[in-house]
Amino acid sequence: MYNFTLHIPTTIHFGKGTISHLDELKNYGQKALLVYGGGSIKKNGIYDTAMDILKKSDIKVSELSGVEPNPRIETVRKGVEICKAESIDMILAIGGGSTIDCAKVIAAGAKYDGDAWDLVLDSSKITAALPIFDVLTLSATGTEMDPFAVISDLTKNEKWGTGSPFMVPTMSVLDPEYTYSVSKKQTAAGTADMMSHTMESYFTKENADCQKFMAEGLLRTMIKNGPIALNDPTNYDARANLMWAGTHAINGNIGAGSEPAWCVHPMEHELSAFYDITHGEGLAILTPAWMEHILNEDTLSNFVDFAKNVWGLTGNDDWALAHAGIDALKKFFFETMGLPANLRAVGITDDKNFDIMAQKACDGSKGSFAPLTKEDIIEIFKAAF
Ligand code: NZQ
Ligand code: ZN
């Protein structure tokens, strides 16, 4: 296990009614920018509840609505402008990963003199940020307890992740009831996303049993509770288990001490950058294709563990077990969770951009578990087509 430093400063308030903790914002100033998406928080009542608490806490609220799924740099710029013009003290994001990611870069942009896109391309330019608070409404990205944000400039087909300790939320409210209204499509995509985060750390050559067994427990939690939430959206325990597992998948715990591969995410970000697809759906399509591509003598034992410890499969033939584990994942994604099974199913109907997407994914990939060349990535895109 490599040396590591882990510092997770986010205060989590988890459970029913914990939105009441928004009154703590008054300790950070008087003016908040409320950031939200296309209106789900108005339909399910979270907006009214939050505004009521903020009003009672004497916090003056400015608003930025309309954050897009796959949030755009143009929306970040609007938020930064408001912060600077109105001397905002803190940001409150209410929504899914897109809204919270957008809020994070707004918070950093408010403390930066140049254009916010600089901060997406070069995280070392993030040297300060306004305090970030959030109420999470979709279990998926783990952004509620991590330093990352992913922002797109679709005019250039660019989608990049950035990260900074300054962008770790100060406080996150995780009320599983707020995810009851999440659609089947987004519940399935969110489950695939958190499973992918876990698997990106799980597939490593390091001997980090503690992290590995935690990852297996997280995957089993997601595999058990994803289908329950899909079929019974107001099942509190299923929503709660998914929410907490999703947070742990990427908060630094299971990736600490090893050098996680993070191979599939860079490939998916290219699909979203070129075709604006739902992140979790792209991951579900690519992950089994990636696994089949990298299964070899060297990686076999990882896939045997995956089959045995995650899917509960048994047998003496390692190769058969490894393939059965990947097949179990496919069945889970494409049958149990109803996720799209190939690129054509999400509207990618030709291969004309595979070359440029593979080049960019290759540049953005660490690929330490099973290094991928541009040609490997093109083959994975073709297999997923
Ligand atoms: O915009 P609203 O109206 O709120 O609707 C959203 C949106 O249409 C809806 N939704 C959210 N909560 C809801 C709800 N609908 C009903 N009830 C609720 N309670 O769901 C739709 C999708 O929301 P979005 O925020 O886009 O989804 P998600 O949380 O999956 O975030 C995806 C974004 O996060 C990035 C992805 O690339 C993508 O841009 N990621 C961020 C990461 C991070 N910060 O660490 C890591 C991830 O790997 C990922 O890349
Ligand atoms: Zn993800």
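Atoms within each ligand, like the ligands themselves, are counted from 1 in listed order. Values in this document were obtained by computation on a predicted structure and should not be read as measured data. Numbers for residues simply follow the sequence, beginning at 1.
Distances between N or O atoms of H279 and those of ligand 1 include at least one value under 3.5 Å. Inclusion of A140 in the set of residues having an N or O under 3.5 Å from an N or O of ligand 1 is not warranted. Looking at ligand 1, you won't find any N or O of K104 less than 3.5 Å from one of its N or O atoms. At least one N/O-N/O distance between K159 and ligand 1 falls below 3.5 Å. Here's the thing with G142: none of its N/O atoms is less than 3.5 angstrom from an N/O atom of ligand 1. For a threshold of 3.5 Å applied to N or O pairs, the pair formed by Q186 and ligand 1 contains no separation below that value. At least one N or O atom of S181 sits closer than 3.5 Å to an N or O atom of ligand 1. Between I250 and ligand 1, a contact under 3.5 Å exists for no N or O pair.
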Under 3.5 Å, which donor-acceptor pairs link side chains of residues 284-295 to any protein atom two or more places apart or in another chain?
{"unit_1": "T287", "atom_1": "OG1", "unit_2": "L283", "atom_2": "O", "d": "2.6"}
{"unit_1": "E292", "atom_1": "OE2", "unit_2": "K330", "atom_2": "NZ", "d": "2.8"}
{"unit_1": "H293", "atom_1": "NE2", "unit_2": "D376", "atom_2": "OD1", "d": "2.9"}

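Taking NZ of K111 as the start and CG of L119 as the end, the distance is 13.5 Å to the nearest 0.5 Å. Rounded to the nearest 0.5 Å, atoms CD (E63) and CG (L33) are 9.0 Å apart. From L121, atom CG reaches atom CG of D118 across 7.0 Å, with rounding to the nearest 0.5 Å. Considering OG1 of T247 and CG of N253, their distance stands at 11.5 Å, rounded to 0.5 Å. M195 CE to T191 OG1: the interatomic distance, rounded to the nearest 0.5 Å, is 8.0 Å.
For atom 39 (O) of ligand 1, the nearest non-hydrogen atom from the set N70, I100, L136 comes from N70.
Distance screen at 4.0 Å: atom 32 (C) of ligand 1 has a protein heavy-atom neighbour inside the cut-off.
Protein heavy atom nearest atom 26 (O) of ligand 1, with residue, atom name and distance: S98 OG, 2.5 Å. Counting only heavy atoms of the protein, atom 29 (O) of ligand 1 lies nearest to G97 N, 2.7 Å. Of the protein's non-hydrogen atoms, the one nearest atom 15 (N) of ligand 1 is S40 CB, 3.6 Å. For atom 27 (O) of ligand 1, the closest non-hydrogen atom of the protein is L138 CD1, 3.6 Å. For atom 2 (P) of ligand 1, the closest non-hydrogen atom of the protein is G38 N, 3.3 Å. Among all protein heavy atoms, the one lying closest to atom 44 (N) of ligand 1 is D101 OD1, 2.8 Å. Here the protein heavy atom with the shortest distance to atom 43 (C) of ligand 1 is D146 OD2, 3.6 Å. In terms of protein heavy-atom proximity, atom 34 (O) of ligand 1 is closest to T141 CG2, 3.3 Å.
Salt bridge status for D351 with K382: absent, with no side-chain N to carboxylate O gap under 4.0 Å. Using a 4.0 Å cut-off between charged nitrogen and carboxylate oxygen, D363 and K374 do not count as a salt-bridge pair. The pair E206-K212 does not count as a salt bridge, with every side-chain nitrogen at least 4.0 angstrom from each carboxylate oxygen. Under the 4.0 Å criterion applied to side-chain N and carboxylate O atoms, D327 and K331 are not assigned as salt-bridge partners. Under a 4.0 Å N-O distance rule, the pair R72/D276 qualifies as a salt bridge.
Evaluated for a side-chain hydrogen bond (donor to acceptor under 3.5 Å, both in side chains) with D101, the options T141, T143, T162 yield exactly one hit, T143. Partner S172 forms a side-chain contact (heavy atoms from CB on, under 4.5 Å) with one of V168, T170, L174 and no other, that one being L174.
Residue contacts with ligand 1 for T278 are absent, since no atom lies close enough (heavy atoms, distance under 4.0 Å).
For D175 and T18, the side-chain atoms include no donor-acceptor pair closer than 3.5 Å. Side-chain contact, T75 with E68: a donor N or O sits under 3.5 Å from an acceptor N or O. At a cut-off of 3.5 Å, with distance as the only test, no side-chain donor of H265 or E268 sits close to an acceptor on the other residue.
Taking every heavy atom of H265 and a limit of under 4.0 angstrom, the matching atoms of ligand 1 come to 48 (O). Per-residue contacts place Y178 under 4.0 angstrom from the following atoms of ligand 1 (heavy atoms of the residue considered): 19 (N). Those atoms of ligand 1 that come under 4.0 Å of a heavy atom in P71, given as number and element, are 39 (O). Short contacts between ligand 1 and T137, defined as distances under 4.0 Å to a heavy atom of the residue, involve ligand atoms 11 (C), 12 (N), 13 (C), 18 (C), 19 (N). Listed by number with element, the atoms of ligand 1 under 4.0 Å from a non-hydrogen atom of G37 are 1 (O). Those atoms of ligand 1 that come under 4.0 Å of a heavy atom in H197, given as number and element, are 46 (C), 47 (C), 48 (O).
Taking a 4.0 Å cut-off on heavy atoms, G39 registers as neighbouring ligand 1. Contact between N44 and ligand 1 is present, with at least one heavy atom of the residue lying under 4.0 Å from the ligand. Ligand 1 has H269 within reach: a non-hydrogen atom of the residue lies less than 4.0 Å from it.
In this structure a side-chain-to-backbone donor-acceptor pair under 3.5 Å is present from K205 to D298.
Taking the ring centre of Y180 as origin, the terminal cationic atom of R239 falls outside the region bounded by 6.0 Å and 45° from the ring axis.
Less than 2.8 Å away from the Zn ion (ligand 2), the protein contributes these N/O/S atoms: D193 OD1, H197 NE2, H265 NE2, H279 NE2.
Residue pairs that meet the salt bridge (charged side-chain N to carboxylate O under 4.0 Å, His left out) test with at least one member in residues 131-157, sequence neighbours left out, are K104-D146, D153-K156.
Hydrophobic cluster membership for I59: I19, L22, L25, Y28, L34, Y36, I41, I46, Y47, M51, I53, L54, V61, M90, L92, I94, F133, V135, M171, V173, Y178 (Ile, Leu, Val, Met, Phe, Trp, Tyr linked by side-chain heavy atoms under 4.5 Å, directly or transitively).
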